[in-house]
A.B. asks: 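Have a look at this one before I ask anything.
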Amino acid sequence: MLIKIAKPSDLHESDVTPESIYLSRRRFMGGMAGLGAGLALSGNVHANADYSDVPDGDAPPWLKEKISDTQWRAITPSNPEKDKIAPFDDASGYNNFFEFGTDKGDPARYAGSLETQPWSVVIDGEVNNGGRFALEDIAKPSQFEERIYRLRCVEAWSMVIPWLGIPLADIIKRADPTSKAKYVRFETLVDPEQMRGQRSSFSIIDWPYVEGLRLDEAMHPLTIMAMGMYGRELPNQNGAPLRLVVPWKYGFKSIKSIVRISLTEEQPVNSWQKIASDEYGFYANVNPKVDHPRWSQATERRLPNSLFSPNTIETRMFNGYEDEVAELYAGMDLRKHY
């Protein structure tokens, strides 16, 4: 059954292996049986999207097949006057990915050294169907979807990006969580030879980079695992080959180049929370009423912009996804649980 979800605030389309891995693959892909229908929304993926200026990537054959078979465009809340898709050069050239350096241009400059094929992900913790899985085996049972989402950085800049990927809920359901699973913990690759930022003596991050979600946040239909953007695979600097996208949270929650997904009973301590807990909390929900200790969160700079055209807009609660996700936090003090 396909379920259309439409709201008055919708974004208009015009805006727009080893034996151990083999055995794990058979268990994991078999776990799809009996799953209920997920989120599916109408519109052909390329019907109104112009990616003619996007450079060709180098996706492996299985990923090219998944991208070409993408059938559904997810409709997201929008301000049609402001929520224009960012040019690919901006989305791929202005990034935070400290594994490759702290300057916004460092990821695009240095991430080409990262080998993303082949890639595998460990799924473990409070699950009945864990193991190490090749990325293609994680992706193949699910229908690829395109999601046009806002990305709001805690640094008060933002973009609108068309992602390609699968619901995180698909992966979690196939892993078959135990009754003790309450949170999902993610880890980024640690490989100092490929990731120059991890070799730096000035790094303040205790690698690996770690992020986490509450289980109900991870299972929410807006939460996806992205493997592509702009109709092609993810560039390395954007978190290839697998990154989390949680559009109602600040961008640092969307962990890149994921190699481990663990279901846990205890709330994980995230990397930035560990570095500065007074500035970066576990939830990291976009909230214009709760400022960062060193700057306001009431407005944001929508990219692309310039000195003479700053393109400043008001920040919306939950990044504009309040209708979809506010119920997850009913009764919570969002100043305390920031």
Side-chain angles (χ1 to χ4, degrees), residues 2 11 13-17 25 28-29 32 37-76 85-93 95 107-108 111-112 114-121 133-151 159-171 174 221-247 254-259 261:
L2 301 180
L11 175 64
E13 290 185 0
S14 60
D15 290 326
V16 227
T17 65
R25 168 183 179 170
F28 193 70
M29 296 185 75
M32 282 297 291
L39 176 70
L41 302 103
S42 64
N44 184 273
V45 62
H46 294 302
N48 292 286
D50 181 9
Y51 297 146
S52 59
D53 293 333
V54 177
D56 291 336
D58 186 28
W62 70 265
L63 184 53
K64 289 181 181 178
E65 181 179 346
K66 293 295 291 185
I67 291 173
S68 66
D69 191 41
T70 304
Q71 295 179 358
W72 306 102
R73 178 189 298 279
I75 308 300
T76 64
I85 294 175
F88 177 82
D89 286 349
D90 288 273
S92 62
N95 307 105
L114 180 63
E115 294 289 338
T116 61
Q117 305 171 33
W119 194 271
S120 62
V121 179
F133 304 98
L135 182 59
E136 55 265 39
D137 295 330
I138 292 175
K140 282 180 179 178
S142 298
Q143 172 67 58
F144 254 38
E145 300 173 9
E146 180 169 77
R147 305 286 187 91
I148 303 173
Y149 282 162
R150 300 183 201 92
L151 173 67
M159 300 188 209
V160 176
I161 298 176
W163 303 103
L164 291 167
I166 65 175
L168 175 57
D170 283 7
I171 300 173
R174 295 201 301 269
L222 290 183
T223 304
I224 65 167
M225 300 297 282
M227 301 176 203
M229 59 189 285
Y230 292 83
R232 50 157 286 173
E233 81 277 12
L234 286 174
N236 286 8
Q237 61 265 31
N238 291 93
L242 181 69
R243 71 170 282 167
L244 177 68
V245 179
V246 194
S254 293
I255 184 171
K256 303 175 177 75
S257 300
I258 296 168
V259 294
I261 301 172

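Bear in mind that the values here come from a model prediction, so they are computed numbers and not experimental data.
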A.B. asks: Looking only at non-hydrogen atoms, find the nearest pair between Thr70 and Glu146 and report the distance.
C.D. replies: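 So the two residues come closest at CG2-N, 3.8 Å.
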
A.B. asks: Take Ser257 and Leu114 through the side-chain contact (heavy atoms from CB on, under 4.5 Å) test and state the conclusion after the steps.
C.D. replies: CA-CA 10 Å; Ser257 300; Leu114 180 63; 3.8 Å; yes

A.B. asks: Working to the nearest 0.5 angstrom, can you tell me the gap between Leu63 CG and Leu234 CG?
C.D. replies: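 One finds 8.5 Å between CG of Leu63 and CG of Leu234.
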
A.B. asks: Might you work through the side-chain contact (heavy atoms from CB on, under 4.5 Å) test for Asp56 and Arg232, ending with a clear yes or no?
C.D. replies: CA-CA 7 Å; Asp56 291 336; Arg232 50 157 286 173; over 6 Å; no

A.B. asks: Got a donor-acceptor contact below 3.5 angstrom from the Glu233 side chain to the Ile67 backbone?
C.D. replies: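 Pair absent, no side-chain N/O of Glu233 close to backbone of Ile67.
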
A.B. asks: So does Ser142 get a backbone contact from the side chain of Asp170, meaning a donor-acceptor N/O pair under 3.5 Å?
C.D. replies: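 No, the answer is negative, given that no donor and acceptor are paired below the 3.5 Å cut-off.
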
A.B. asks: Would you name the heavy atoms of Ala108 and Gly93 that are closest together and state the gap between them?
C.D. replies: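 Reported closest heavy-atom pair: CB-CA, 4.3 Å.
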
A.B. asks: Has the side chain of Thr223 got a donor or acceptor atom that lies under 3.5 Å from a matching backbone atom of Leu168?
C.D. replies: no

A.B. asks: Determine whether more than 12 heavy atoms belonging to other residues, nucleotides or ligands lie under 6.0 Å from atom CD of Gln117.
C.D. replies: yes

A.B. asks: Could you go through the side-chain contact (heavy atoms from CB on, under 4.5 Å) check for Ile161 and Ile85 one step at a time?
C.D. replies: CA-CA 6 Å; Ile161 298 176; Ile85 294 175; over 6 Å; no

A.B. asks: To the nearest 0.5 Å, how far apart are CG in Leu244 and NZ in Lys256?
C.D. replies: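 So the CG of Leu244 and the NZ of Lys256 are separated by 10.5 Å.
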
A.B. asks: Distance-only, no hydrogens or angles: does the Glu145 side chain make a donor-acceptor pair with backbone N or O of Gly165 under 3.5 Å?
C.D. replies: no

A.B. asks: Do you know which two heavy atoms are closest between Ala111 and Asn236, and how far apart they sit?
C.D. replies: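 Closest approach of Ala111 to Asn236, heavy atoms only: O-ND2, 2.8 Å.
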
A.B. asks: State whether a side-chain donor-acceptor pair under 3.5 Å links Arg147 with Tyr149.
C.D. replies: yes

A.B. asks: Calculate, to the nearest 0.5 Å, the distance between atoms CG and CE belonging to Leu164 and Met229 respectively.
C.D. replies: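 Separation between the atoms: 9.5 Å.
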
A.B. asks: Using the side-chain contact (heavy atoms from CB on, under 4.5 Å) rule, take Ile166 and Phe144 through it: C-alpha gap first, then chi angles, then the decisive distance, then the call.
C.D. replies: CA-CA 5 Å; Ile166 65 175; Phe144 254 38; 3.6 Å; yes

A.B. asks: Answer yes or no: is there a donor N or O on one side and an acceptor on the other, between the side chain of Arg243 and the main chain of Asn238, under 3.5 Å?
C.D. replies: yes

A.B. asks: Taking all non-hydrogen atoms of both residues into account, name the closest pair between Ala86 and Tyr230 and its distance.
C.D. replies: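 That closest heavy-atom pairing would be O-OH, 2.6 Å.
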
A.B. asks: Quick check: do Ile138 and Val121 have side-chain heavy atoms less than 4.5 Å from each other?
C.D. replies: yes

A.B. asks: Return yes if some donor-acceptor pair links the side-chain N/O of Lys66 with the main-chain N/O of Lys140 below 3.5 Å, else return no.
C.D. replies: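 Pair found, side chain donor or acceptor close to backbone of Lys140.
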
A.B. asks: Only one of Thr116, Val259, Ile258 clears side-chain contact (heavy atoms from CB on, under 4.5 Å) with Leu242; which?
C.D. replies: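 Passing option: Ile258.
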
A.B. asks: So does Ala139 get a backbone contact from the side chain of Trp62, meaning a donor-acceptor N/O pair under 3.5 Å?
C.D. replies: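 It does not hold such a pair.
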
A.B. asks: Can you name the nearest heavy-atom pair linking Tyr51 to Gly231, along with the distance?
C.D. replies: CE1-N, 3.4 Å

A.B. asks: Which heavy atom in Arg174 sits nearest to a heavy atom in Asp137, and how many Å separate them?
C.D. replies: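 So the minimum-distance heavy-atom pair works out to NH2-O, 4.3 Å.
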
